[in-house]
J.: 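Would you mind keeping the following structure in view while I ask a few things?
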There are 2 protein chains.
Amino acid sequence: MRANLREHIEKIIPLTDEEFAFICTHFSTKKFKKHQFLIQKGDPVKYCYFVISGLLKLVYTDDSAKEHIVSFAMEDWWESDYYAFFTQTEATMSLECLEDTEVLCFSLDDYKKMCDGLQKMERFFLEKANFGFLGSQRRIISWLTSNSKERYEQLLKQSPSLIQRVPKSLIASYLGISRETLSRLSS
Amino acid sequence: MRANLREHIEKIIPLTDEEFAFICTHFSTKKFKKHQFLIQKGDPVKYCYFVISGLLKLVYTDDSAKEHIVSFAMEDWWESDYYAFFTQTEATMSLECLEDTEVLCFSLDDYKKMCDGLQKMERFFLEKANFGFLGSQRRIISWLTSNSKERYEQLLKQSPSLIQRVPKSLIASYLGISRETLSRLSS
DNA sequence: TTCGTGATGTGACATATCTCACTTTAAATT
DNA sequence: AATTTAAAGTGAGATATGTCACATCACGAA
């Protein structure tokens with residue numbers, strides 16, 4: 001089960017068995033059922049999560065109690081309310097299971113210990129952060145350059161499996177359009 | 001002039017004089033006039049830039065030759081076509097001066113040497129990458145939750161100086177609306 | 001099975017935004 | 001100062017999207 005994690009890290013940086021053992025001491029395993037919350041708005045954010053199996057949604061709830069999907073996280077994805085995690089403040093978003101989900105997670109303290117204790121791990125996080133930034137920037141560009149239909153088609157192309165696993169109303173929220181509009185795009 | 005850079009880095013990590021001297025060997029200075037390009041779409045991206053003075057726009061040009069502002073960069077901001085920079089591929093965006101601009105810059109080679117030679121610098125880049133990601137995510141949330149007027153007001157609040165220095169047509173492009181719509185928001 | 005809930009589709013109308021054309025104003029260039 | 005160019009405002013009509021209401025369908029719980 002931690003094999004997923006090792007394989008994931010080694011896509012970026014090869015590890016010795018000792019190094020991976022060191023890394024493992026900083027992770028713990030957790031299991032959640034569909035509809036359970038890993039992070040709830042207003043609570044402290046103790047962990048950053050790596051999804052082994054299952055599916056999560058990161059949700060921002062606005063003043064009028066409307067939910068907006070900031071992102072999804074499936075197998076091999078990292079997720080958290082990163083701002084709250086890094087600054088150790090209250091969650092501004094919630095992280096909820098769309099399916100039964102198994103994760104590995106670490107605390108900020110463990111994060112620092114991994115970075116300090118193993119430079120490779122700091123390098124890994126740097127790569128991940130860079131790619132995370134690039135992903136967000138790509139999403140912004142997609143929004144600047146494309147209409148709803150095009151953005152939906154790009155998502156379909158980019159994450160076809162997601163569309164199978166997630167209700168269309170959530171896909172619509174992720175794309176920033178109403179579920180009715182998304183429904184009409186297909187026809 | 002490099003004092004800006006040192007101060008900027010030391011907001012995150014204190015440096016000794018030797019460390020800063022090491023860092024400096026990897027930066028070079030460049031000056032550009034208004035309307036000049038630091039990066040042109042299709043060309044290789046040799047550098048990542050730190051703005052000492054002046055103002056830049058990062059532009060994505062779509063298939064129908066319409067320009068979209070991905071971001072602005074003013075004093076103390078970093079900018080590049082990061083994807084092209086890190087992967088050493090051709091620029092998909094262009095980076096152009098809105099004012100006479102002075103920058104410090106480094107190559108990918110220098111980036112790697114700095115990370116390898118000074119762990120503090122890798123830590124610095126990690127922090128920067130994390131904050132960059134968070135900034136993009138905040139922009140996405142702003143787009144998901146707010147209408148054009150609200151997004152404009154948020155920008156005004158967040159970067160009041162930017163609105164002074166940049167034509168409204170470019171602000172509109174950054175917000176993903178037409179210049180006419182932005183013009184009508186004020187009234 | 002039966003019931004209830006959530007997911008999806010669709011019509012009708014309101015609203016936001018875009019596009020195009022034109023004018024006015026401000027700024028840059030000679 | 002004169003001329004040119006860029007920026008900004010505005011009207012009118014087309015288009016995209018949102019909202020509300022309702023109907024249908026699928027699926028899991030009792």
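Here the structure is a predicted model, which is why all the values come from computation and not from measurement. Proteins come first, then strands; the chains are lettered A, B, ... in the order of their sequence lines, and each starts at number 1.
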J.: Using atom types as modelled and distance alone, determine if a side-chain donor or acceptor of B:S80 lies under 3.5 Å from a backbone N or O of B:Y49.
T.: no
J.: Looking at C:dG9, does its base get a donor-acceptor pair with the side chain of A:R179 below 3.5 Å?
T.: yes
J.: Over how many whole Å does the gap from A:L185 atom CG to C:dT10 atom P extend?
T.: 12 Å
J.: Could you check which residues of residues 165-178 of chain B get a heavy atom under 4.0 Å from DNA chain D? Sort them by number, please.
T.: B:P167, B:K168, B:S169
J.: Please tell me whether B:I141 and B:F133 are part of a single hydrophobic cluster in this structure, the criterion being side-chain heavy atoms less than 4.5 Å apart.
T.: yes
J.: Given atom CZ of B:R151 and atom P of C:dT17, what is their separation to the nearest angstrom?
T.: 8 Å
J.: Output the rounded distance in Å from CD (B:E150) to P (C:dT15).
T.: 17 Å
J.: Measuring from atom CD1 of B:I9 to atom CZ of B:F20, what distance do you get when rounded to the nearest 0.5 angstrom?
T.: 6.0 Å
J.: In terms of the nearest nucleotide of DNA chain C, which residue is placed more toward the 5' end: B:K34 or B:T181?
T.: B:T181
J.: Between B:H26 and B:M114 (side chain of the first, backbone of the second, donor and acceptor by atom type, cut-off under 3.5 Å), is there such a pair?
T.: no
J.: In whole angstrom, give the distance that lies between atom OH of B:Y152 and atom P of C:dT17.
T.: 15 Å
J.: Round to a whole Å and report the spacing from CG of A:L98 to C1' of C:dG6.
T.: 14 Å
J.: Please report how far the helix from C:dT1-D:dA30 to C:dT30-D:dA1 bends, comparing the axis fitted to its first five pairs with the axis fitted to its last five, to the nearest 10 degrees.
T.: 50°
J.: Tell me: CH2 of B:W143 to P of C:dA16, nearest whole Å?
T.: 20 Å
J.: Expressed as a whole number of angstroms, how long is the span from A:E99:CD to C:dG6:C1'?
T.: 16 Å
J.: Is there a donor and acceptor pair closer than 3.5 Å between the side chain of A:R184 and the base of D:dT15?
T.: no
J.: Measuring only between side-chain heavy atoms, which start at C-beta, is A:V45 closer than 4.5 Å to A:L108?
T.: no
J.: Without decimals, in angstroms, what is the distance between B:N147 CG and C:dA14 P?
T.: 20 Å
J.: For the hydrophobic clusters of this structure (ILVMFWY residues joined by side-chain heavy atoms under 4.5 Å, transitively), does one cluster hold both B:I23 and B:I52?
T.: yes
J.: I need the single residue from A:K31, A:K30, A:K33 that forms a salt bridge (charged side-chain N to carboxylate O under 4.0 Å, His left out) with A:D100. Which is it?
T.: A:K33
J.: Can you work out whether A:S148 or A:E180 has the more 5'-proximal nearest nucleotide on DNA chain D?
T.: A:S148
J.: Within the side chain of B:T92, is there an N or O that forms a donor-acceptor pair under 3.5 Å with the backbone of B:Y60?
T.: no
J.: Backbone N or O of B:G54 within a donor-acceptor pair of the B:E75 side chain at under 3.5 Å?
T.: yes
